[in-house]
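Residue numbering restarts at 1 for every chain, and letters A, B, ... go by the order of the sequence lines. What you see is a predicted model, and the numbers here were worked out from it, not measured in a lab.
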Amino acid sequence: MAKRNQKSAISPTREEDYPEWYQQVVKAAELAETSPVRGCMVIKPWGYALWENIQRVLDRKFKDTGHRNAYFPLFIPKSYLEKEAQHVDGFAKECAVVTHSRLEMGADGKLHPASPLEEPLIVRPTSETIIGELYAKWVQSYRDLPILINQWANVVRWEMRTRLFLRTAEFLWQEGHTAHATEAEAWVETRKMLDVYADFAENYMAMPVIRGEKTEGERFPGAVSTLCIEAMMQDRKALQAGTSHFLGQNFAKASGIQFLNQEGVQEHAWTTSWGVSTRLVGGMVMTHSDDDGLILPPRLASAHIVILPIIPKEDVRADVMEVATRLKAQLRGVIWNGIPLEVELDDRDLRGGEKNWQWIKRGIPLRVEIGPKDIASDSVFVARRDTGEKQSYKSAEFVDSVGTLLESIQANLLERARAFRQEHTREIDSKDDFIDYFTPANAQKPEIHGGFALAHWAGSAEDEAALQKDHKVTIRCIPHDDDIPAESGTCPFTGKPSPRRVVFAKSY
RNA sequence: CGGGGCGUGGCUCAGCCUGGUAGAGCGCUGCGUUCGGGACGCAGAGGUCGCAGGUUCAAAUCCUGUCGCCCCGACCA
C-alpha cells in the first residue's frame with residue numbers, strides 16, 4: 001500500500017493525461033491493440049471475453065422480451081442506402097464501398113481490381129435499409145406483425161480518428177430491428193429496449209446511466225426520435241452507451257413495408273431499431289479503472305478469480321499446487337450469477353511480484369494467494385481489486401462466501417460510480433456559470449474539468465450548434481422524468497421559459 | 001481535407017546537423033542466485049535503418065520522389 005502511493009502501475013495517471021491513461025490501461029490489460037489496418041482493432045482474448053459476457057447477458061434479455069436472432073448481409077446495395085434521404089446524409093461520408101469483384105495480376109507484379117460491379121456495394125454502417133427491404137417481403141398482413149429481430153454483427157464506419165473500443169472503423173455490435181402495426185406499439189418497444197440497456201448498464205456493468213431523448217442535432221439519421229443512455233466517465237465527459245430509435249414510418253415508406261390492417265386498409269408499418277456496441281467495453285474501462293489499471297465489474301469480468309501459488313522453495317511446490325488445484329475445482333463448482341465462476345490458476349514461472357501486478361493491471365476482481373503458511377493454517381490470502389483490501393480466510397469459508405464477496409465488489413463499483421457522477425453534476429442557472437463550468441484552465445492541454453450540467457434550455461438547433469462550436473458542449477439528452485424530474489424554469493441563454501432541465505456535457 | 005511531427009532489432013528510442021558499413025534501455029532465450037508486492041548477475045539470439053531513385057570511393061546520415069503512421073482541427077456509436 002505504501003508503495004502504491006509512490007508509483008502507479010499505469011503511467012501517466014488519470015490526472016496527468018486521461019486519454020493517454022486510457023490507452024495504456026487497454027494495452028496493459030491486454031484487452032486490444034491497434035491492427036495493421038488503419039482504424040481497426042484486434043480484440044485480444046481478455047477483451048473479447050468481456051464482449052462475450054456482454055453478449056450472453058444481453059442476448060438472454062432480448063430473448064426474454066420476445067426477440068429472435070437472425071443474420072442479414074454485410075453488403076448493402078448502394079441504391080438501398082439512397083432510399084431514405086436523411087439516412088444518406090448521415091452515413092454517406094463514412095461508408096466503405098466495394099466496387100470490384102476480382103483481382104488480376106498486373107504486369108507490375110501486383111494485384112489490381114479487375115471486374116467492376118454493376119452496382120457498388122456498401123459495407124454496412126447499419127442495417128435499416130437492407131433489413132427494411134426484407135421486412136417488406138415478409139409483411140403482408142397485420143397478422144405478420146410485429147417482427148422482433150436482433151442481429152449480432154460487425155459494421156464499418158470509416159471514421160477519421162479512432163480510439164480503441166470507443167471509436168473504431170470496424171466494430172462489433174447488436175442491432176435490433178422491429179416492425180409494428182401501430183405507432184403506440186412501436187413506441188412501447190423503443191422505450192422497453194432503452195430500459196433493457198439501462199438495466200444492463202447499471203446492474204451488470206456497474207455503470208450508472210441517465211435515460212433520455214436526443215435533440216434534433218444528435219438524432220439518428222432517419223429517425224423520428226432517438227432515445228439514449230448516457231454515462232459519465234472519470235474525466236467527467238459523457239459517453240453515449242446505447243441508443244434506441246423510434247423510426248416512425250420513415251423507413252417503412254422508404255422500403256415499402258406495408259400491410260393490410262383489420263379494416264382491409266393498406267398501411268405502412270412502424271419500425272424501431274436499437275443497438276449497443278463494443279464501445280461498452282471502453283465505457284467499462286473508463287468508469288471503473290484506476291491508476292493501477294483495469295478494474296472489472298465481477299458480473300462481466302473475463303474471469304473472476306486468479307489463484308497465485310506461492311512457492312518459496314522447490315520442495316513445497318507439489319503441496320502448494322495440489323491445494324491450489326483443489327481450490328480451483330471447488331471454486332469452479334460455485335454457480336454465481338447464473339454461471340460457474342471463471343478461475344485462473346497462474347503457475348507460470350514468473351517472479352511473484354510481477355505476476356501479481358499483471359493481474360492487477362488486468363482488473364481481475366479477486367486474487368487468491370496460496371503458500372505454505374496458508375496451507376499450514378488451512379487458509380487463503382485474498383485481495384480484492386476494487387478496494388485493495390487483503391484478508392485471510394479459512395479455505396472452506398472463502399469458497400462459501402465468494403459469491404457474497406463478488407456481489408459486494410459489484411455493488412461497491414456501482415456505488416462509487418454513482419457518487420462520482422453525483423459529485424460532478426450541477427444545476428446551473430446562469431450563462432456565466434455555465435461557460436465557467438466548461439472552460440478549462442489550460443486551453444492548450446485541457447485538464448479534467450466540468451461534468452454534467454443540468455440547465456434549462458429553450459434555444460434552437462442553431463443555438464445548440466453554436467454552443468458546441470464555441471465551448472465543445474452538447475445537450476447529451478432530454479432526460480426521462482424518472483431519472484431527473486421535470487421542473488419548469490427559464491433558459492439562461494435565451495431568457496425564454498423552459499419546461500425542464502436537460503443534460504449538458506462534453507462528450508466522446 | 002487543412003496544420004504539425006515521425007518511420008532505425010518485438011517495444012521505446014539514440015545516432016543524421018559535421019557521410020566511413022549500427023547502438024542503448026526494456027522485452028526474449030539459457031544458466032546461477034533469488035522468490036509472501038514490480039529481483040540480480042553472467043552468457044546469448046535478434047536489424048539489407050519504410051520503399052524507390054540520385055549524389056559519392058563510400059549513405060541510417062545529403063538530395064528527389066513515394067508509401068505509411070501518429071498528434072491537432074472539421075465528422076461520428
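- Using a 4.0 Å heavy-atom criterion, one finds that L166(A) contacts the bases of the nucleic acid, with or without backbone contacts as well.
- For the residue pair H449(A) and E447(A), the shortest heavy atom distance occurs at ND1-O, 2.7 Å.
- In this structure, E369(A) reaches the bases: a heavy-atom distance under 4.0 Å links it to at least one base atom across the strands shown.
- Nearest-nucleotide positions on RNA chain B for P372(A) and K469(A) put P372(A) closer to the 5' end.
- The separation of A45(B) from U61(B), taken at their P atoms, amounts to 27 Å, rounded to a whole angstrom.
- A gap of 14 Å separates the P atoms of C42(B) and A24(B), to the nearest Å.
- The aromatic rings of F246(A) and W270(A) lie parallel to each other, their planes meeting at an angle below 30°, with 60° marking the opposite boundary.
- In this structure, NZ of K313(A) is placed 14 Å from P of U33(B), rounded to the nearest angstrom.
- Going from the P atom of G4(B) to that of G44(B) covers 48 Å, rounded to whole Å.
- Between the side chain of D374(A) and the base of G36(B) there is at least one donor-acceptor pair of N/O atoms closer than 3.5 Å.
- Rounded to whole Å, the distance from CD on E218(A) to P on A77(B) is 7 Å.
- The separation between M233(A) atom CE and A77(B) atom C1' is 13 Å, rounded to whole Å.
- Residue contacts shown for G352(A) are absent, as no nucleic acid heavy atom lies under 4.0 Å away.
- When each of G36(B), A77(B), G38(B) is scored by its nearest atom to the side-chain atoms of E354(A), the top-ranked nucleotide is G38(B).
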Checklist entry - Based on Watson-Crick and G-U pairs with both distances under 3.5 Å, what dot-bracket line describes RNA chain B 5' to 3', crossing pairs as [ ] and inter-strand pairs as |? => result ((((((((.[[[[.)....(..]]]].((((((.....)))))).....[[[[[..)....]]]]])))))))....
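- Only the P atoms considered, A60(B) is 13 Å distant from A52(B), to the nearest whole Å.
- Looking at K61(A) and D199(A), a side-chain N of the basic residue comes within less than 4.0 Å of a carboxylate O on the acidic one, giving a salt bridge.
- Atom P of A14(B) sits at a distance of 15 Å from the matching atom of G5(B), rounded to the whole Å.
- Using atom P as the reference point in both C71(B) and G36(B), the two lie 39 Å apart (nearest Å).
- In this structure, of A77(B), G37(B), G38(B), it is G38(B) that holds the atom nearest to the side chain of A9(A).
- For H67(A), the ring pair (Phe, Tyr, Trp, His ring centres under 6.0 Å) partners are W274(A), not counting sequence neighbours.
- Of the listed nucleotides (G36(B), C75(B), A74(B)), A74(B) has the atom at the smallest distance from the side chain of K472(A).
- Between R163(A) atom CZ and C69(B) atom C1' the separation is 18 Å, expressed in whole Å.
- Residue contacts for F381(A): at a heavy-atom cut-off of 4.0 Å it reaches a base atom on one of the strands shown.
- When heavy atoms are screened at a 4.0 angstrom cut-off, Y508(A) is found touching no nucleic acid atom at all.
- Looking at D195(A) and R211(A), a side-chain N of the basic residue comes within less than 4.0 Å of a carboxylate O on the acidic one, giving a salt bridge.
- Counting to the nearest Å, the C1' atom of U34(B) and the CZ atom of R317(A) are 14 Å from each other.
- A salt bridge links R317(A) to E314(A): at least one charged side-chain nitrogen sits closer than 4.0 Å to a carboxylate oxygen.
- Counting non-hydrogen atoms under 4.0 angstrom, S392(A) reaches nothing in the nucleic acid.
- Listed nucleotides: A77(B), G36(B), G37(B). Nearest to the side chain of K373(A): G36(B).
- Using a 4.0 Å heavy-atom cutoff across all strands shown, K361(A) reaches at least one base atom of the nucleic acid.
- Using a 4.0 Å cut-off, some side-chain N or O of R351(A) falls inside it from OP1 or OP2 of G36(B).
- In this structure, the side chains of R348(A) and Q358(A) come closer than 4.5 Å at one or more pairs of heavy atoms.
- Taking the six-membered ring wherever Trp is involved, the centroid distance between the rings of H87(A) and F220(A) falls below 6.0 Å.
- For the C1' atom pair drawn from G9(B) and A22(B), the interatomic distance equals 11 Å after rounding to whole Å.
- In this structure, K355(A) places its NZ atom 14 Å from C1' of G37(B), rounding to the nearest Å.
- Going from atom CH2 of W357(A) over to atom P of C26(B) covers 20 Å, rounded to whole Å.
- The neighbour count for E52(A) CD, taken as heavy atoms of other residues, nucleotides or ligands under 6.0 Å away, is above 12.
- When the P atom is compared between G46(B) and G41(B), the two are found 23 Å apart, to the nearest whole Å.
- The shortest distance between side-chain heavy atoms of M284(A) and P297(A) falls below 4.5 Å.
- Take the nearest nucleotide of RNA chain B for I311(A) and for E159(A): the residue whose nucleotide is more 5' is I311(A).
- One interatomic measurement links the two molecules: CG of D292(A) to P of G38(B), which rounds to 13 Å at whole-angstrom precision.
- Across all strands shown, S277(A) has heavy atoms under 4.0 Å from base atoms, whether or not it also approaches the sugar-phosphate.
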